[in-house]
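These notes concern the structure reproduced below.
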Amino acid sequence: MRLITVAGLLLTLLLAALDQTIVATALPRITAEFGDIAHYAWVTTAYLLTSTLMVPIAAKLSDQFGRKPLLIVGSVAFLVTSVLCAQAQDFTQLIGARALQGLGGGTITAAVFATVPTLFSPADRARIVGLFTGTYGLASIIGPLVGGIVTDSVGWRGVFYLNLPLGLVTLVLLVTAYRPAALPLTLRKRRVDYAGAATLVAGFAPLLIALSLGGHELAWTSPLLLGFLAFSVAMLLAFVRIERAVPEPIVPLALVGSRGVGIPTLGMLFLSAGLFATLLFTPLFVQGVMGSSATRSGSVVAPMTIALVAGSVVIGQLIARVPRYRLVGVLGLVAAAVGEWLMSGMGVDTDYATVARNLVVVGFGLGTALSAFAIASQNAVDVAQMGVATGLGTSGRAIGATLGSAGFGSLLVARIGADTVSPQVLAGALHDTFFAAVLVLLIGAVLVLPLHVAANVRNPVAPLVPARGQSEPAA
């Protein structure tokens, strides 16, 4: 039954990951139909905003109410909102539906990664982490290709309807095969940190909105934008104060500030920002600059994601034997930065072989760093904190994706405006966007240098699989 459960978890994670990559390929067609490139990045940003905010909340709720209920609720919500996305008649409706869909996607992601450590011993964790992080790579391989085919054949609405059959299969597997032990009464009676959840949402939402609007729809010195930022700072300060006082914080601040968990989480944030700069704007380059179809733009991203999966799996096996997390993580980010620098040099005369080569460099670097940071954060804590540490890493990736999409999208729109542009102008704007990704990844490489995992917790041996009749470990 554990094998079937793992299959269900992998498919559930694939459901959430696939949606992000498949929609990116359909975005140029959606923009052509609705006619407003200023909202291009918002379709992705809205999803990432709500999913980012939901991840830490859902991770904590899964500790208190169990993983399975959160998996089921998240999957059902994701499927219902997929239909709403497919039925959208303008950008406003689509962005709103994507925001709701992000709540389901964030719940799925948090619950899956909180469940995995309870099923495997730490000795197997490095190999398993590579498998699950590789799911994102698989989604990046098949998502753009399938998205392009569906968009060219039946239209962009079909990419959202594709979630339905896969989602129904995952629900059946999880409901029938996953049978976690009942949570102890002491866990079920724990109080939910409502104040922490509210201030977390109130702090991050205006910050991300300000980053998305700044520089084009609102000037950086606009009173409204400065008001967003001031309110965000106030709410985040209130969040920190609340988390220090409550007995069951949504985000344990001690772990956030640790070198073994906080630094890898920071690394995942910068890594994810670089990843989404590539996933979101490479299809735009191929379609808008090179003049190719959605199908071709989807397939051209495949080399990067194949390299990402290869880097994640290979490095995961290597780290299981030689745990050099900091060295591997830094080299991975630097390699990805080199790839983004190559991407920034592309123009109207670039051929597909050059694009593929550049994407392979980016993908292998990102996959290498991803495995290093994910394994480091899990091996830096004991079993009782495993779920929280995993949830923080997931939140770091989600925040990075959100900030990256919003920031790079704002940069692009600021360079070209909201009107239709020539391939030459678009190529120049994308040059600046990819070069900004170079700087982001290099900054990340510097910031993760303090990464350190104590020797006494680097390779724990206690099993995570609960004995018969016992509950799953609390995260």
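None of the values given here were measured: they were computed from a predicted structure.
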Which atoms form the tightest heavy-atom contact between [X] and [Y], and what is the distance?
X	Y	answer
Gly104	Ala77	CA-CB, 4.2 Å
Thr170	Gly167	OG1-O, 2.6 Å
Gly196	Glu243	CA-OE2, 3.5 Å
Arg157	Gln87	NH1-C, 3.7 Å
Ile108	Ala16	CG2-CB, 4.2 Å
Ile57	Ala197	CD1-CB, 3.8 Å

Between [atom1] on residue [X] and [atom2] on residue [Y], distance to nearest 0.5 Å:
X	Y	atom1	atom2	answer
Thr278	Met304	OG1	CE	5.5 Å
Leu366	Leu441	CG	CG	6.5 Å
Met268	Ile263	CE	CD1	12.0 Å
Thr368	Leu333	OG1	CG	9.5 Å
Thr107	Leu70	OG1	CG	6.5 Å
Leu449	Arg326	CG	CZ	7.0 Å

Do the non-hydrogen side-chain atoms of [X] and [Y] ever get within less than 4.5 Å of each other?
X	Y	value
Phe160	Val83	no
Pro264	Val448	no
Leu269	Thr265	no
Leu9	Leu71	yes
Val362	Glu340	yes
Leu168	Val172	no
Leu207	Val233	no

Next item on the list: Start with the C-alpha distance between Val440 and Phe408, add both sets of side-chain angles, then the distance that settles side chain to side chain contact (heavy atoms under 4.5 Å, CB included), and finish with yes or no.
Entry: CA-CA 11 Å; Val440 166; Phe408 294 133; 4.0 Å; yes

Side chains of residues 91-102: which donor-acceptor partners sit under 3.5 Å, not counting sequence neighbours?
{"residue": "Gln93", "atom": "OE1", "partner": "Gln89", "partner atom": "N", "Å": "2.9"}
{"residue": "Arg98", "atom": "NE", "partner": "Val43", "partner atom": "O", "Å": "3.1"}
{"residue": "Arg98", "atom": "NH1", "partner": "Asp19", "partner atom": "OD2", "Å": "2.4"}
{"residue": "Arg98", "atom": "NH1", "partner": "Gln101", "partner atom": "OE1", "Å": "2.8"}
{"residue": "Gln101", "atom": "NE2", "partner": "Asp19", "partner atom": "OD1", "Å": "3.4"}
{"residue": "Gln101", "atom": "NE2", "partner": "Ser82", "partner atom": "OG", "Å": "2.9"}

Check whether any side-chain N or O of [X] sits under 3.5 Å from a backbone N or O of [Y] as a donor-acceptor pair, and report yes or no.
X	Y	answer
Thr109	Gly106	no
Arg29	Trp156	no
Thr199	Ala195	yes
Thr81	Phe78	yes

Notebook entry, point to check: Should Phe434 and Phe281 be marked as a side chain to side chain contact (heavy atoms under 4.5 Å, CB included) after you check the CA-CA gap, both sets of side-chain angles, and the distance that decides it?
Noted result: CA-CA 9 Å; Phe434 288 128; Phe281 297 110; 4.2 Å; yes

Next item on the list: Could you give me the CA-CA distance, side-chain angles and deciding distance for Phe239 and Arg244, then say whether side chain to side chain contact (heavy atoms under 4.5 Å, CB included) is met?
Entry: CA-CA 9 Å; Phe239 170 74; Arg244 286 176 174 173; over 6 Å; no

Could you pull out all donor-acceptor pairs under 3.5 Å where a side-chain atom in residues 221-232 meets a protein atom, sequence neighbours excluded?
{"residue": "Ser222", "atom": "OG", "partner": "Leu224", "partner atom": "N", "Å": "3.3"}
{"residue": "Ser232", "atom": "OG", "partner": "Gly203", "partner atom": "O", "Å": "2.5"}

Next item on the list: Using the side chain to side chain contact (heavy atoms under 4.5 Å, CB included) rule, take Leu280 and Leu27 through it: C-alpha gap first, then chi angles, then the decisive distance, then the call.
Entry: CA-CA 9 Å; Leu280 190 60; Leu27 274 177; 3.7 Å; yes

